Amino acid sequence: MQTNRLNQGGFIDRHKTLRFTFNGQSYFGYQGDTLASALVANDIKIVGRSFKYHRPRGIIGSGAEEPNAIFQIGSGATTEAGMRATQIELYDGLVAKSEKGWPSLSFDIAIINDWFSKLFGAGFYYKTFMYPAKFWKIYEYFLRRMAGLGRAPKQPDPDHYSHQNIHCDILIVGAGPAGLIAGVSAGKSGAKVIIADDQAMFGGSLLASKEIIGGQSSEEWIASQVEILKTLPNVTCLPRSTVFGYYDYNFLTINERCTNHLSEFTAGKIRQKLWRVRAKRVVLAQGAFERPLVFPNNDRPGIMLASAVSNYIHRYGVIPGKNAVLFTNNDSAYQAAIDIKTAGAQSVLIVDSRSEQPSDMVDAAKKCGVELQFDAVIRNVIGNKSIKAVQISAYDASDNTCKDKAEKRDCDLLIYSGGWSPAVHLHSQSGGKNKWDNERHCFVPGKPSQASSSIGSCNGTWILEDCLKEGITCAQEMVTNLGFKAVDMKLPSSKKTKINPMMPLWQVIAKDSSENLPKQFVDYQNDTTVSDIYLAVREGYTGIEHVKRYTALGFGTDQGKLGNINGMAILGQALKKPIEQIGTTTFRPAYTPVTFGVVAGEDIDEMFEPTRKTAIHDFHADRKAPFEIVGQWLRPWYFPEDNEDMLSAVSRECIAARSSLGIMDASTLGKIDVCGKDAVSFLEKIYTHDVAKMAIGQCAYGIMLGEDGMIKDDGVMARLGENHFYLTTTTGGAANVMSWLEQWLQTEWPHLDVYMTSLTDHLSTIALVGPNSRRVLQTLVNTDLSAEFFPFMRTCKSEIAGIAIDLYRVSFSGELAFEVNVNSNFALHLWNLLMKAGKDFGITPYGTETMHVLRAEKGFIIVGQDTDGSVNPLDAGLGWLISKEKDFLGKRSLERADSLRKDRKQLVGLLSVDNKSVIPEGAQLIEKKATSGPTPMYGHVSSSYYSPILGHPIALALVQSGRNRYGEKLLAVSSDAKAIEVSITKPIFYDLKGEQQRVE
Amino acid sequence: MLLIKCPWCGERDETEFSYGGEAAIKRPLKPKDLNDKDWADYLFMRKNTRGLFLEQWNHSVGCRQWFLVERNTVTYEIISTKRMNSDALNSEDSQ
């Protein structure tokens, strides 16, 4: 039974009944309702419990400002937390739960917080839960449960979200009267216009009023304007779309809720869309928020903003109470009294803190039977779970206090209005300042800092006619400015109401101190009270940003839309400073909360990051090799045969490469072709070794340093011609190295004639590794591969079965090895030819793990694993690569005092003393004996493997003064293994003389 | 999000660019002649200007050219952009 539903009126369809549940109870509403209007229609008073004191709370507002009716919607994977009931359109089957209240809304055990609230003042978390420190985890569990924030779903989100980039001439935020007429005016001129509004229907405040505009009812006028907008092809209308961020250069983000109003889940449809707009001009017409008044117990269920009351009556055909008292300091709220009386309320009393003055609103109120009491305030509210009565006292404006004598008035609804605050959020986000207006008693937008204009009530303009005028003028100026011809627009006539000025009334102060009064709430979402603000001031907080953080004022998901201005004014009173000296806190995106889903858009799962596959990928996949992701590349990790585990597969692969023949896909290496007549002098500056001395056809292992002297990247490079080089980089560093080389070339040495081309994807690289590699390769090429003609560290061109290849006799395993570069289109074919040719020698494909073991046995470093940006070539034992003669990037840094320190960490080898334990990578190396005080940490393990050829574990590590400590024993400790005793050795374990790779 | 005018391609979103820090830090011609302090100045010390600042940007997912941007670090306003080899501050053929 919708007890509060009116028989007529509102933009709802009484023939379409919708069923929904709230905290497990079933209710009915109509098509066109919001969840909030349906709850009010069903006379649901308590919708939540407050954050700290767990006091019962009811619906206060009807839009984005609502602080109390915040629900968990739906269940399972599609549940959403923190949803404002005032902005949820009702659909059949909607399931809503309040987020706070345990065990139930009606009886919340934590209400004891309210009784003992003296213990829970501002900053109580910091003061109370500090000791003992280790108890924090226990405190946190209970605090979170008590705070009752929403719950995120545990399953992945099945919804689809989308992003769209768009450019426009004018973006209009808000389709109330000012925004609508600006849209029509700009649209008719031919400018490309987007008009967005967070509600399902355009019209803004007009939807909650019965104005006559240009001879039409407000309803008809809205419809006619929307009709014009829809016929203009250059205008995009976006209802249900919140402009939530205003960034640099008129870049704004809009969250469009496409199907949220239909059901909890709509398969195959886009749930929400993120519009990324770059606008030439922006019109800000978001309207204003009505302010609550601050008085004792001003949070009881059954207290509602005046504008919300009008909204529920006119828009949803719902009357929130039968016997109403309206407490106001301004004329605009009178409309709500008139509306509710006209809608059928039995009694309505206006309590106005001002003295009586003739005004149109006073006359209108009297005419429809509303009682009036002037020079009076509400000094207390009676009733806990719903309002029963109010206490009214005379008010003395001269000393800003109310008299002790109070008179009781029964009511079931208290309507209040403390005036209006323009929604300056987007203006502030754009970088604009706000200024306090002493006549209108609100912050209004100051000079825009970007190409934007604020119009209508978000500019502090309250009269409808003025709003319409601003809309037309603003649009005409903007389109003219953008080179369009402005269209003449007639200002539609509207009622001229004489309005008396409002009285600033920030807090009802009784003669007795505010300390002993019931709580007077400033921020409902965070339970910030007047006494919290005074406490903050007493404890030395004077800046608004500090008071905000100490009291949590404005910290909720509503970002203080209701409470902030009152809070600032009360802080001003406490500090005895005018509000303009208090200032505002910073407004940041998002204006209202935005789902992670819409921010992520399509960039999830396989679309999150590109996947790169080598040309030989299909072979690896066929062999069921597990893949490892290295710099976006999928690299085969190892190639299991039958039911082999990783260790057996890697052991088999390692032994094959060391004893006969292995083959590896090394295509992911970064490859850069460098040519130009200054190629040599350029590379001389980049590499540490003497590039100019390299013969044509010669290869060299080269390292690049940052200017800080630390190893940046490494790889084999080859001189292909007089002015032609081929460089390889690490897989992960390929793009960075290319960018870094380009930066030096373009910014420091633009005079050099050098051209660079990335060949990483164009060429594939196949490594043929092992004592039988030459024998097998020789069966396929005509080139003489004997050491005499093709020794270690040489390159030449050749061909296999008519396919052009580049051959490199280089080795990352310490074995006789060849790398074959081939156009990627032929790579898989060539791989298969090599597999076939090597069959008799047991050719064994191996992956990254075997590659790592083989190189670690030889002590070859991996940049980024055995180095970390603090390792220079001397630390890594690569001093032999450093040219004494020339300058190169980073060379000077090797002479810095820090680089010459004797106790730098140096690359060493480690052996487990028990000859069995594989030391965890990342383990810290410490003294064996216990020491007093903090344990000195000498270094850490960077690479660690079991070596199949040696039959014991090996590791590489960076250790302080490591090269002077060969033979010393240390402990390797890590969180996930027992301490392992290790001894320090040279960082090479196999073929100490390096004979195998140079074999004749 | 900034709107940056690449001197080669025109106006593009900030996401197409990467930032290269303070511009016009000249690499010493003879590093070995510098003492540790002067070398460290070149290596580590940056102006961190509040206000007008000349910086390098790279059109990294576009034409890959480095160029100069004069930007206000307080308001994020971009005053001008110039090709790398033009005289950074005094050139008339801005953009």
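Since the model is a prediction, treat every value here as computed from it, not as a measurement. Hydrogens, waters and symmetry mates are skipped; everything else that's a heavy atom, side chains included, is used. Below, read A as the first sequence line, B as the second, and so on, with proteins coming before strands; counting in each chain starts at 1.
Note: Q65(B) leads K30(B), E14(B), Q65(B) in heavy-atom pairs under 4.5 Å with chain A. Chain A forms more heavy-atom pairs under 4.5 Å with one residue of P31(B), G20(B), A23(B), S18(B) than with any other, namely P31(B). Interface check for chain B: of the options R896(A), R278(A), K891(A), the most heavy-atom pairs under 4.5 Å are formed by R278(A). Per-residue heavy-atom pair counts under 4.5 Å with chain A were compared for E77(B), M1(B), Q56(B), and the maximum is reached by M1(B). The candidate with the highest count of non-hydrogen atom pairs below 4.5 Å against chain B, out of N165(A), D248(A), N250(A), is D248(A).
Note: Y687(A) and H689(A) have tilted aromatic rings, judged against thresholds of 30 and 60 degrees for the angle between ring planes. The aromatic rings of Y19(B) and W57(B) sit perpendicular to each other, their planes meeting at more than 60°, with 30° as the lower class boundary. Ring-plane geometry between W744(A) and W749(A) is classed as parallel, the angle between the planes falling under 30 degrees on a 0 to 90 degree scale with a further cut at 60.
For N35(B), the part lying near chain A is the backbone, with the side chain staying farther off; criterion is any non-hydrogen pair under 4.5 Å. For F888(A), the part sitting under 4.5 Å from any heavy atom of chain B is the backbone (N, CA, C, O) and nothing else. At a 4.5 Å heavy-atom cutoff, the contact between W39(B) and chain A is made by side-chain atoms alone. Looking at E895(A), the atoms closer than 4.5 Å to chain B (heavy atoms on both sides) all sit in the backbone: N, CA, C or O. In this structure, no portion of F67(B) lies under 4.5 Å from any heavy atom of chain A. For Y247(A), the parts lying under 4.5 angstrom from a heavy atom of chain B are both the backbone and the side chain. Contact of K26(B) with chain A is made through backbone and side chain together, with heavy-atom distances under 4.5 Å. Residue S893(A) touches chain B through both its backbone and its side chain, counting heavy-atom pairs closer than 4.5 Å. Heavy atoms of L3(B) lying under 4.5 Å from chain A belong to its backbone as well as its side chain.
Taking every heavy atom of both residues into account, S60(B) and R64(B) meet most closely at O-NH1, 3.1 Å.
Within a 6.0 Å sphere centred on CZ of F596(A), heavy atoms belonging to other residues, nucleotides or ligands number 12 at most.
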Check the pair E545(A), T586(A) against side-chain hydrogen bond (donor to acceptor under 3.5 Å, both in side chains), reporting the backbone distance first and the verdict last. CA-CA 8 Å; E545(A) 294 284 6; T586(A) 311; 3.0 Å; yes
Run the side-chain hydrogen bond (donor to acceptor under 3.5 Å, both in side chains) test on E602(A) and H163(A) for me, step by step, so that the C-alpha distance in whole Å, both residues' side-chain angles and the decisive distance to 0.1 Å come before the verdict. CA-CA 7 Å; E602(A) 290 107 341; H163(A) 286 182; 5.0 Å; no
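If you check the side chains of D868(A) and S870(A), you find a donor sitting under 3.5 Å from an acceptor. D713(A) and T730(A) share a donor-acceptor pair across their side chains, judged by distance under 3.5 Å alone.
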